[in-house]
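Shown next, in structure tokens, is the structure this report addresses.
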Amino acid sequence: MEYNFLQIEKKWQKYWADNKVYRVKVDHSKPKYYILDMFPYPSGAGLHVGHPLGYIASDINSRYKRLQGFNVLHPMGYDAFGLPAEQYALQTGQHPAITTDINIKRYREQLDKLGFSYDWNREIRTCDPEYYKWTQWAFIKMFNSYYCYDAQQARPIEELISVFEQQGTKDLNIASTEELSFTAEEWNAKSEKDKQEILLNYRIAYLAETVVNWCPALGTVLANDEVINGLSERGGHPVEQRKMRQWSLRISAYAQRLLADLDAIEWTDSLKEIQRNWIGRSEGAKMFFSLKGRDDKLEIFTTRPDTVFGVTFMVLSPESHWTEQLTTSAQKAKVDRYIDHAKKRNERERMADTKNVTGVFTGSYAVHPFTSEDIPIWISEYVLAGYGTGAIMAVPGHDSRDYLFAKHFDLPIIPLIEGCDTTHESFEAKEGKMINSGFLNGLDVKDAIKKAIDEVENRGIGERKVNYRLRDAIFSRQRYWGEPFPVYYKGEIPYVIDENYLPLTLPDVDKFLPTKNGEPPLGRATKWAWDTVNNEVVETSKIDNNTIFPLELSTMPGFAGSSAYYLRYMDTKNNEALVSKEANGYWHNVDLYIGGTEHATGHLVYSRFWNKFLFDINVSIEPEPFKKLVNQGMIQGRSNFVYRINGTNTFVSHGLKDSYQTTALHVDVNIVYNDVLNRDLFRKWRPEFADAEFVLEDGEYICGWAVEKMSKSMFNVVNPDDIVVTYGADTLRIYEMFLGPLELSKPWDTKGIDGVHRFLRKFWRLFHNRENQVYIVDDKATAAELKVLHKTIKKVQEDIENFSFNTAVSAFMICVNKLTDLKCNKREILEPLTILLSPFAPHIAEELWDMLGYKNQSIIIQSFPQLNKAYLVENSFEYPVSFNGKTRFKKEFQLGIDNSEIEKAILADPNTQKHMDGKSPKKIIIVQGKIINIVV
RNA sequence: GCCUUGGUGGUGGAAUUGGUAGACACGCAGGACUUAAAAUCCUGUAAGCAGAAAUGCUUGUGCGGGUUCAAGUCCCGCCCGAGGUACCA
């Protein structure tokens, strides 16, 4: 029989589905292993060849672990809420739920054709009310919690209320937006409204003023990605920075735990480093500077309190609430103009621009805490509102940004370290002896930092502080296609609806646009108010009844639904809980998580936070969601170009294009094969090319190429479907693994796919004779055949464990080539190979097992004997003997001999004696039984 | 700008983590089989120089330095690409 991959793959995919082969249940007789892919956003362009890269890797691991006897949980679902569906809805009027559903169906069909071993019984969709019920539920729990630093965990808000009632804020060490101070009497005297406002200052899910990109023309908030040079990507309207009251999650409270627990998980060092930098712990001091002519004080954070004597000015961020208060009437016009300028640039643009120094003087002065000198207070973009207190003490001598600012505005620069030169640049090294620094003079920098903080604390003008760069997550989106907040308002005060009435389902709206008043699209819902008596959603028009209140109009962001999905897979159908104790107690957390690095600071921080919160409230039993994480690289598109001679309909081949005036045009990569254009298909591709002429080289039209982001507009999106039809899923699976290291980004290219397909055909042929009939013998294998088999088993197993799938595939190819040379058709060799190959190419493996009458597919790979030294002692090998790196002679040895024996023999060789010149060797380097070098 | 990451033949990549650079595969060239094509198989293939050939020599892992008997791998300084940069997912 021919290797008919289409038929084989269809047959086994059907068999797996019909027999529910990959359905898993809690089974205490087996060890568990949980392998998870980052679930996809179902985009309208369909699954492209980049998606399966990680999915194939995880599927190989899943199948491999099953072979080893593990009970493997390997689920899949869809991250189905998101902006693209909403924007598509804006253009077409189609409801996002409908397009999302269509896209999911397409994804599912495409995934099914690749032979993945998912347990589809556990599929989840974040936009499904039965799923987002638990997202809303977690939000309610966060709203009803505060974070206690002493206990290092989230606690119920009722606990805090009773503390307030008994002792006020005395001795509290808890996370807050702003530090408040009141007594029990003061608390008890407050109105319900005031109490609720104060509690928002402590809730883990809370409302607060935050800065957003506001586009007045579109009436909406935009992501940084949607803003280009201060204009909206859509329509090119001006965008400004505006403060809005938004929901936030108090992730910053978890900063220390998020940092510390990185040590306990198996992620790559680089990814941990990204997270550490993102959390950005820095130790220093907060200090209060008196303000000239005012009673209040300006708070700043600094990591270099030792440089306090070098402070020659202070800088506020343009958004700081101090800006307005400290601007004198003489400076007001200038400051207003500057703030207008700053509003047009978002944070990223400001950070990227370090060349242009801008700023303006407020007219006010602070007082130096030690010298009592006046310090001018400036405003500048380089101070960011979101970090520290939005105000800094500037030390131009020892900070590069302060230095540039001082040079530009001609402010004084005081060198503080003996011998440092600040005429051309600041001196940022933390070393040397302090000068010009009063009581710190003569101290080493490290000691000076300690002494400075001690002195600041003694004088009561500040204290030691650890600051984190990690900010609270803004949790509101002015969008339609997301989870509704289970929140209604009595006046300004938010209340959560009772969890028993979840899910609060997303209402229909007539349009997906903001309302005329600039409210989010949910403002259009006619039925969107909460009846607190009957606990149900009712007509918005009934709001003037004082038991019916408006619901929150914004929705939750994309990361809400993806933060705890790993727990839900354990117990998808549970109506009583996010996950049952039994299921969570068996599956614990994810053993292996595979996905792209682009989520390093988003999803992977949010989900760790979310899980820690669930851990605190005793829902998740593990403090970390993902034990081991492997990043797969991005697959880029490889675009092809044709070159049209300007003003004609003639196209010139790539190698000859320089002789003409040409314009490069993107051409659909699906009508190009190995950079050679199919000219007939090209003529049919678009009407304007119907009578295209060609200037050929060597009788072919060669296209140019470039590596670009895979996108519809560049005609370089490659769906796996065509490849599956032409070569089969097994070939695609192996080819994607063969393309290069899993974690590296690489352009998609089908150039090498023939080689992989050839390999599978060769493998198939090992089991067949010339007449294509199954022909397998039970003869005993020779030593040479066993050597090939066991070398391959060892190598492939090591490679799977190390996620080095590309080299594993190479090992298979070498193995098949050798067995073909040996004309090996022995069951003893081929049967184990089908098992070894089955994680990579499951369809062909199943077919071969079937043909061989081999039923016991749960055999454990580990039970095969490892590479045996005895098989190696067959032929000899020759290697150079080098002295101090220079090759002097060659010597022959038998394979399999011990390193020490080789060493002895070499040292006894007369040639060696000659080159050693009577000395004894310093070092003998032996690698794999070969003497590489002898250092004399 | 900042953080992370990558740069090796015509191409994708390998290299036991400091030890014979280019495994494996694609492509290309030549050959076998075939009326022919496809398929399959065999041989060659980093560059340069010398040689009839076996082979030998030289150069060579983005650029410039350095450490070492030995550097693709370690150190210092650059250049270029990719991802992230808090409302894309």
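Computed from heavy atoms alone, side chains included, the values below leave out hydrogens, waters and symmetry copies. Chain naming here is simple, since letters A, B, ... match the order of the sequence lines and numbering starts at 1 in each.
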Check residues 41-50 of chain A and write down every donor-acceptor pair under 3.5 Å in which the side-chain atom is one partner and the other belongs to a residue at least two apart or another chain.
unit_1   : atom_1 : unit_2   : atom_2 : d
Tyr41(A) : OH     : Ala85(A) : N      : 3.0
Ser43(A) : OG     : Ala45(A) : N      : 3.1
His48(A) : ND1    : Gly50(A) : N      : 2.9

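Rounded to whole Å, atom P of A25(B) lies 14 Å from atom CG of Leu760(A). Look at CG on Leu629(A): it is 14 Å from C1' on U4(B), rounded to the nearest Å. One can place CD of Glu226(A) at 14 Å from C1' of A86(B), the figure rounded to the nearest angstrom. Distance, Met634(A) CE to U4(B) P: 20 Å, rounded to whole Å. Taking atom CZ of Arg350(A) as the reference point, atom P of U85(B) lies 18 Å away to the nearest angstrom. For the pair Glu2(A) CD and U40(B) C1', the computed distance is 12 Å after rounding to whole Å. In this structure, Leu739(A) places its CG atom 11 Å from P of A14(B), rounding to the nearest Å. Per the geometry, NZ belonging to Lys746(A) stands 13 Å off P belonging to G7(B), to the nearest Å.
Ring pair Phe5(A)/His757(A) is perpendicular by interplanar angle, where above 60° counts as perpendicular and below 30° as parallel. Taking the six-membered ring for Trp and thresholds of 30 and 60 degrees, Tyr606(A) and Phe559(A) have nearly parallel ring planes, at less than 30 degrees apart. Between Phe139(A) and Phe475(A), the ring-plane angle classifies as parallel under the 30° and 60° cut-offs. Using cut-offs of 30° and 60° for the angle between ring planes, the Phe405(A) and Tyr382(A) rings count as tilted.
Only the P atoms considered, G6(B) is 38 Å distant from U55(B), to the nearest whole Å. On the P atoms, G30(B) is 46 Å away from C79(B), given to the nearest whole Å. Between U35(B) and U20(B), the distance separating the two C1' atoms is 50 Å to the nearest Å. Nucleotides A21(B) and A53(B) have their C1' atoms positioned 27 Å apart, rounded to a whole Å. For the P atom pair drawn from U67(B) and A29(B), the interatomic distance equals 47 Å after rounding to whole Å. Atom name C1', nucleotides G72(B) and G13(B): the rounded distance is 14 Å, in whole Å.
At distances below 3.5 Å, at least one donor-acceptor pair connects side-chain atoms of Thr126(A) with backbone N or O atoms of Ala80(A). Of the possible polar contacts, none joining the Thr597(A) side chain to the Ala600(A) backbone as a donor-acceptor pair under 3.5 Å is found.
Nucleic acid contact class of Asn817(A) (heavy atoms, under 4.0 Å, all strands): sugar-phosphate only. As judged by a 4.0 angstrom heavy-atom cut-off over every strand, Arg479(A) is placed among the base-contacting residues. If you check every strand for non-hydrogen atoms under 4.0 Å, Lys272(A) touches nothing. Note on Val809(A): nothing from the nucleic acid sits closer than 4.0 angstrom, heavy atoms only. Looking at heavy-atom distances under 4.0 Å, Pro741(A) makes contact with sugar-phosphate atoms alone, never a base.
You'll find that the side chain of Glu598(A) is closest to A89(B), out of A89(B), U4(B), A15(B). Of all nucleotides listed (U11(B), C26(B), G84(B)), U11(B) comes nearest to the side chain of Asp749(A). Looking at the side chain of Tyr606(A), the nearest of the listed nucleotides U85(B), A86(B), C24(B) is A86(B). The side chain of Arg469(A) approaches A86(B) more closely than any other nucleotide in the set U4(B), C41(B), A86(B). Of the listed nucleotides (U85(B), C26(B), G12(B)), G12(B) has the atom at the smallest distance from the side chain of Phe738(A). For Ser810(A), the side-chain atoms get nearest to C24(B) when compared with the rest of A89(B), C24(B), G13(B). Nearest nucleotide to the side chain of Leu83(A), out of A86(B), A89(B), G12(B): A89(B).
Nearest-nucleotide assignment on RNA chain B puts the 5′-proximal partner with Asp472(A), out of His599(A) and Asp472(A). If Gly740(A) and Leu470(A) are placed on RNA chain B by their nearest nucleotide, the residue sitting closer to the 5' end is Gly740(A).
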Distances under 3.5 Å only, N/O to N/O: pair up the protein atoms with those of nucleotides 1-3 of chain B.
unit_1 : atom_1 : unit_2    : atom_2 : d
C3(B)  : O3'    : Asn277(A) : ND2    : 2.9
C3(B)  : O2'    : Asn277(A) : ND2    : 2.9

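By the ring pair (Phe, Tyr, Trp, His ring centres under 6.0 Å) test, Phe759(A) pairs with no residue at all, sequence neighbours left out.
Pro40(A) approaches Gly77(A) most closely through the heavy-atom pair CD-O, 3.2 Å.
A38(B) makes up no base pair with any nucleotide shown, lacking Watson-Crick or G-U wobble contacts both under 3.5 Å.
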